[in-house]
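Below is one structure, written out as structure tokens; the observations come after it.
A note on names: the letters A, B, ... follow the listed sequences, proteins ahead of strands, and every chain is numbered from 1. Values reported hereafter were calculated over all heavy atoms of this structure, with side chains retained and with hydrogens, waters and symmetry mates removed.
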Amino acid sequence: MPELPEVEIVRRGLEPVLNGNTIAACHLFAPALRYPFSANFCTLLDGGTITASRRRGKYLLIDLDNAYCLIWHLGMSGRVRIYRADDEERHARIKHDHVVFEMSDGSVIVFNDPRRFGFMKLERQSDLDASAPFNKMGPEPLGNSFNGDALGAAIKNKKTNIKAALLDQNVVAGVGNIYACEALYMAGIDPATLACDLKKTHVEALARAVRAVLVKAIEAGGSTLKDYRQTDGSLGYFQHMFGVYDREGKPCPDCTCDVIVRGGVQRIVQNGRSTFYCPVRQK
DNA sequence: AGTGTCGCCTGAATGC
DNA sequence: TGCATTCAGGCGACAC
């Protein structure tokens, strides 16, 4: 799923049915997703009014007026559907619908997650910043505190490759496999370079590229490979703008070489994850 | 402490 | 056609 841009698009879709609205009824159709639901999960949500909805990294955070925050992660395959109050389909459940929120205005929010790698848990708002995973999480890449200096400080002692370092949520929040590949391509950096060995100019270019690729992906409605959808069911479009991701053997956008001879975009495995890159433009 | 590997789960794509 | 295998956006437990 969902990396930062996809979660942000979902957050924007949820905003109009959340803010100021009340959860009239919470329904669970599975005892657990990634983790078991706590025994008082629905009790704490039923009747709760939403006071704020935010995103931190790949997490949705929904504050309630009872001092709790719903921490919601979409995992790899999580989808959110929103039915409006006047939509007659809104009570039709489909396979892998695990959580349903009936809202006081008649709208319905459904969490569908075939692989069940997603989760929901409740935490006191006052404990949120001090608790995992937020207590060690890196800066928001689209926020003011993320720049070349911040990225440089976070990776200067890292002895792993820069691709794996970008996937570390404690370095920068919200970057996953797709956008790590794309940002490295955009910055012209070999993904195998050790993070601690990156030159300052490369670190600065990478910070700019991370920000730029995420902004572009949000503008395009995210990337739909298999599972991801916007909350109204529509697809993302950023997958059509990939430079390297899932493009093994194809030319990269800036390609000037003979793909037959050079082989085009390469796929390698780093730390158990696929990395796509252009050996000509990323050195 | 930091880093790398594995498993969680289902479904789609691929290979035989 | 059908069955087995492989792989997928993430995360955390674990071993080293």
Which nucleotide in dC9(B), dG4(B), dG9(C) has an atom nearest any side-chain atom of Asn177(A): dG9(C)
Residue Lys95(A), side-chain heavy atoms: nucleotide from dT10(B), dG11(B), dC7(C) that is nearest: dG11(B)
Whole angstrom value for the distance that separates [atom2] of [N] from [atom1] of [X]:
{"X": "Asn112(A)", "N": "dC9(B)", "atom1": "CG", "atom2": "P", "answer": "17 Å"}
{"X": "Phe276(A)", "N": "dC7(C)", "atom1": "CZ", "atom2": "C1'", "answer": "11 Å"}
{"X": "Leu33(A)", "N": "dG7(B)", "atom1": "CG", "atom2": "P", "answer": "22 Å"}
{"X": "Ile94(A)", "N": "dG11(B)", "atom1": "CD1", "atom2": "C1'", "answer": "14 Å"}
{"X": "Arg115(A)", "N": "dT10(B)", "atom1": "CZ", "atom2": "P", "answer": "10 Å"}
{"X": "Glu248(A)", "N": "dT14(B)", "atom1": "CD", "atom2": "P", "answer": "13 Å"}
{"X": "Gln230(A)", "N": "dG9(C)", "atom1": "CD", "atom2": "P", "answer": "20 Å"}

Give me each pair satisfying salt bridge (charged side-chain N to carboxylate O under 4.0 Å, His left out) with a member in [range], each pair once, sequence neighbours excluded.
{"range": "residues 166-176 of chain A", "result": "Lys158(A)-Asp168(A)"}
{"range": "residues 81-97 of chain A", "result": "Arg81(A)-Asp97(A)"}
{"range": "residues 249-275 of chain A", "result": "none"}
{"range": "residues 109-120 of chain A", "result": "none"}

Close residues, residues 208-221 of chain A, relative to DNA chain B [heavy-atom separation under 4.0 Å]: none
Any donor-acceptor pair under 3.5 Å from Glu140(A) side chain to Gly57(A) backbone: yes
Side-chain donor/acceptor of Gln125(A) to backbone N/O of Leu64(A), under 3.5 Å: yes
Nucleotides 11-16 of chain C: protein proximity per nucleotide (B base, S sugar-phosphate only, - neither; heavy atom, under 4.0 Å): BS----
P spacing across the pair dA1(B) / dC11(C), given as an integer number of angstrom: 22 Å
I want to check one thing: is the phosphate of [N], taken as OP1 and OP2, less than 4.0 Å away from some side-chain N or O of [X]?
{"X": "Arg116(A)", "N": "dT10(B)", "answer": "yes"}
{"X": "Thr160(A)", "N": "dG4(B)", "answer": "yes"}
{"X": "Ser274(A)", "N": "dA8(C)", "answer": "yes"}
{"X": "His96(A)", "N": "dC9(B)", "answer": "no"}
{"X": "Lys159(A)", "N": "dA1(B)", "answer": "no"}
{"X": "Lys158(A)", "N": "dT3(B)", "answer": "yes"}

Centroid under 5.5 Å and tilt under 30°, Phe117(A) to dC9(B): no
Stepwise ring pair (Phe, Tyr, Trp, His ring centres under 6.0 Å) test for Phe29(A) and His98(A): CA-CA 5 Å; Phe29(A) 299 99; His98(A) 302 308; 8.9 Å; no
Sugar-phosphate, base or nothing in reach of Arg79(A), heavy atoms under 4.0 Å: nothing
Run the ring-ring contact (aromatic ring centres under 6.0 Å, His included) test against [X] and tell me which residues pass, sequence neighbours left out.
{"X": "Tyr237(A)", "result": "none"}
{"X": "Phe111(A)", "result": "Trp72(A)"}
{"X": "Phe37(A)", "result": "Phe41(A)"}

Base-paired stems in DNA chain C, each at least three Watson-Crick or G-U pairs under 3.5 Å: B:2-8 with C:10-16, B:10-16 with C:2-8
Minimum side-chain heavy-atom gap Leu142(A)-Arg211(A) below 4.5 Å: yes
Pairwise ring-ring contact (aromatic ring centres under 6.0 Å, His included) hits with a residue in residues 165-224 of chain A, at least two apart: Tyr179(A)-Phe238(A)
Got a list of side-chain donor-acceptor pairs under 3.5 Å for residues 44-52 of chain A, not counting sequence neighbours?
| from | atom 1 | to | atom 2 | distance (Å) |
| --- | --- | --- | --- | --- |
| Asp46(A) | OD1 | Cys26(A) | N | 2.7 |
| Thr49(A) | OG1 | Thr22(A) | OG1 | 2.7 |
| Thr51(A) | OG1 | Asp63(A) | O | 3.4 |

